Every structure is written in structure tokens, then in C-alpha cells.
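Report on the structure given below.
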2 protein chains.
Amino acid sequence: MSTISTLGYALLSLLARGELSGYDIARQMKAPIGYFWHASHSQIYPELARLERDGYVGHQVVEQHDRPDKKVYSLTDAGREALRTWVTSPLDVPSVRDELVLRAFSLWLGDRREAAALFREHERRHEAQLEEYQAIEAHIKGQSARLPSIDSPEFAAYATLQRGMGYERECAAWCRWVAEQLEGGPV
Amino acid sequence: MSTISTLGYALLSLLARGELSGYDIARQMKAPIGYFWHASHSQIYPELARLERDGYVGHQVVEQHDRPDKKVYSLTDAGREALRTWVTSPLDVPSVRDELVLRAFSLWLGDRREAAALFREHERRHEAQLEEYQAIEAHIKGQSARLPSIDSPEFAAYATLQRGMGYERECAAWCRWVAEQLEGGPV
DNA sequence: CCTTCCTATGAAACTATTGACATAGCGCCG
DNA sequence: CGGCGCTATGTCAATAGTTTCATAGGAAGG
């Protein structure tokens, strides 16, 4: 069986938690997994077809009356095994791409007020995202006092959530710092 | 003049600080700017040609004796102006792609010890990167007690460095937290 | 009735990125 | 002298990802 792309593993990760249609997966790509690996339906449908061709997933057509029929995909044993192996296989530290940081590198060229406004705007957006994550965390903690078991999908989702919160907090703090420098500096 | 890709702006950002050959740019793509926007020479050479075709950069051939001749590129007025405008233009918050977080989402499937080892390894790498950044920061602070002026390229580079440190610190902390959960949990 | 939105799947064109291939002269080490 | 690595510039194929187009039926609202 041929190699699976990272996107492929992202799809398997979702299917490991239950059957989903391509459309469902596209929606799940908004939260929480989509915050760290986004894909649109035009990428998802062909990828599902490839995974099926290679034996990692199967599907059955579910007829619906008030809406179009759908194909519901589920993991095969091979798919689950491939996913399990992938989780702990060696991985290079990824190279990051962040256009805002790239812009900061040319900060000395632009208008200072406009730059400050841009960074304040991004600070605001990262804080809004952080608050969204915190609401999810509050919801999880409201259900049980302790963390979910390490072997559970719930813990795994909680771990990604923690990363999301740390990431947004860091982004917001940096944006704030840059904006303060731009606003408070000498004229 | 046609639109410039983000990579194009990355090249302009470097050329705004001084003339460079394509080969020089490829080397600069290792640090510090490359930590937030990497590109290899196979992408850089065609992009430089496109920027020149569109009038944002120009080049002159510099003959060398003990090594191959090179093309040294520099910004045109149009290039500098395009870069200046770009810095403060509206920007969407980028969608993040991080395979390690994606793997965390399927953590419950894999072997716990192997997973812990993977996260400890990444913790180590992020801390090593952090130390590298801190060494650069120490070097900057050693040159002068105060921060460089906000209008200087040095401050801009320092701002990206700050982001780099925050990013690595956050990654390392999260990896450590995940590893601790995996190591300390019930058998 | 008309428009808009949602569900649902897919193809096609375009852009971005990576990795391998290609060339070529110089210096260094064994 | 032979191979390796560095400087230096490029092309090409493959993969990955985004955007747009296409289709189609039901629901909801004006």
C-alpha cells in the first residue's frame, strides 16, 4: 500500500473517532483539528478516494430523503494500523510560515501608525481566538473535574486545545509588544 | 505592475537591506528571516527573474576571479515602494499547519512510550533553537544597552527574533507538558 | 415566485513548494 | 590525480494547496 500524505492522516485521524462523510470532514476542518491542519472540500474528496483506492478507508452510500445522499467513510484495519504507526514515527521540526513576522522584518519601512493598527488588529483576533478556546476548555472542565484519561480521544483533543491556547496567547502577546513599541516610541 | 507573491516580498525584504545575489539570499533564508519564511534556491532564482521582469529589482553582473561570476540584485524605487505599502496592508490571520499537533490529536492510538519519546525529542529541538535565538539576542544586547531605534532594520530583526523566542518557548513547553502527561499517567 | 442558504459531491485551472537533475570552475585533502 | 565541497545559476517533474466552476434538490424568507 502506497504512502499517505499528511492530509491523508488528518482524514484518518477524524475517521478514527467515527464514521464521517466528506462533507462532515470538511466541517470538522474548522475545529478543533482544523486549527492546525486546514483543508477544503476540493482537497478532501480526492484524498478520500485515494485512501479508499489504497485500502485505508471504505464507504457506504447512505440515502437521505430531505437532502442529497451521502457517502459515509470509515477506517479499515489497515487504515487504523497506518494511523497508529504514524503517530509515533520520526518527524522533522516543520518550517514555519508566518507572513506577519515577515512583515515585521520590514517594519522600519512602513508608516508607523498604520503598522501599529495592523498589529493591534492581529492582537485582537488572536485574543478572540484564545477566548474561543478558553470557552471550549471551560466546557470540558465543566463536565468533569479531572482531565480525561490519557488513552482517550478526549485527552488528545484536549492536548491540541492546550497547544492552541498557548499559540494564540503567544501571538497576541507578541503583537501587543510590537504595537506598544510602535506607539510609544519617539516621534 | 503585476502582483507580488509573499515569497517575492520576502526577497524584497532582504534586498531592502542591501544588494544580494540569489545565492546570498538562499543563505539568508536560514536565519533570521528564514525561520518564518523558508525558500530554496530553486524557488528564489525564478522569483528574482520575475521581480526583475516586473520592474521591482534590477541586477548587475559582478565578475569574480576565484569563483563563478554572480548577479547582484538591488531594489528599484518601485520595489521599495511596493514593499513599503505591503508592510501595513490588511492581512488575514494565517491558517497554521503543524503535523506534531495533528499527531497529538491521535495520541490515544499509539504506543505511549514511543509517543513520549517523540515529544521529548521535539522539546529538545525547540529548546536548542531557543538557545540559538538567545545567543543572538545576547549578542545584540552586548552591542548596546538600549534597544535599536524603532525605525531601524535592526529593530525589525529584533522583533522577529522576539517572535522566534516566544514561539520556541511555547512549543517546548507544550511538548514537555504532553510528554509529562504520557510519562506520568497510569499504566 | 424568486433568491439565498445549506447539504452534498466532484472537476479543473492555477499557484506554491520541494526535490532532483544539470553545469562548471576553484580549492583542499589524501 | 581523484574526489569532495563550496560558490553560482538555473531547469524540470512531482506534489500540495487554493480558487473557481459545475450540478442538484430541499428549506426558509421576503
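Proteins get letters first, then strands, A, B, ... in listed order; numbering begins at 1 in each. Given the structure is predicted, the values throughout are model-derived calculations rather than measurements.
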[X] [atom1] to [N] [atom2]: how many Å, rounded?
{"X": "A:H65", "N": "D:dA27", "atom1": "NE2", "atom2": "P", "value": "12 Å"}
{"X": "A:I4", "N": "D:dT15", "atom1": "CD1", "atom2": "C1'", "value": "16 Å"}
{"X": "A:M29", "N": "D:dT18", "atom1": "CE", "atom2": "P", "value": "11 Å"}
{"X": "A:I44", "N": "D:dT19", "atom1": "CD1", "atom2": "P", "value": "14 Å"}
{"X": "A:W37", "N": "D:dT18", "atom1": "CH2", "atom2": "C1'", "value": "15 Å"}
{"X": "B:E99", "N": "D:dG17", "atom1": "CD", "atom2": "P", "value": "10 Å"}
{"X": "B:Q43", "N": "C:dA16", "atom1": "CD", "atom2": "C1'", "value": "6 Å"}
{"X": "B:Y45", "N": "C:dA16", "atom1": "OH", "atom2": "P", "value": "20 Å"}

Side-chain ion pair, B:R169 and A:E170, N-O less than 4.0 Å: no

Basic-acidic side-chain contact under 4.0 Å: B:R84, B:E81: yes

Comparing A:R27 and B:L7 on DNA chain C - which has the more 5′ nearest nucleotide: A:R27

Which nucleotide in the list [options] gets nearest to the side chain of [X]?
{"X": "A:K71", "options": "D:dT11, C:dT7, C:dT9", "answer": "C:dT9"}
{"X": "B:S40", "options": "D:dT11, C:dT18, C:dA8", "answer": "C:dT18"}
{"X": "A:H41", "options": "D:dT11, C:dT9, C:dT17", "answer": "C:dT9"}
{"X": "B:P68", "options": "C:dC26, D:dT7, D:dA16", "answer": "D:dT7"}
{"X": "A:K70", "options": "D:dT11, C:dA16, C:dA8", "answer": "C:dA8"}
{"X": "A:S95", "options": "C:dT18, C:dA8, D:dT9", "answer": "C:dT18"}
{"X": "B:R50", "options": "D:dA27, C:dA16, D:dA16", "answer": "C:dA16"}

Under 3.5 Å donor-acceptor, B:D98 side chain and A:F36 backbone: no

Ring center gap for B:Y133 and B:Y35 short of 6.0 angstrom: yes

Atom pair CZ (A:F155) and OG1 (A:T160), whose distance is rounded to the nearest 0.5 Å: 10.0 Å

Residue pair A:E99 / B:W86, side-chain donor-acceptor N/O under 3.5 Å: yes

Between [N] and [X], is there an OP1 or OP2 to side-chain N/O distance shorter than 4.0 Å?
{"X": "A:Q64", "N": "C:dT7", "answer": "no"}
{"X": "A:Y23", "N": "C:dT7", "answer": "yes"}
{"X": "A:S42", "N": "C:dG10", "answer": "no"}
{"X": "B:R97", "N": "C:dA16", "answer": "no"}

Comparing B:D24 and A:S5 on DNA chain D - which has the more 5′ nearest nucleotide: B:D24

Residue mapping more 5' on DNA chain D - nearest nucleotide basis, A:E47 or A:R67: A:E47

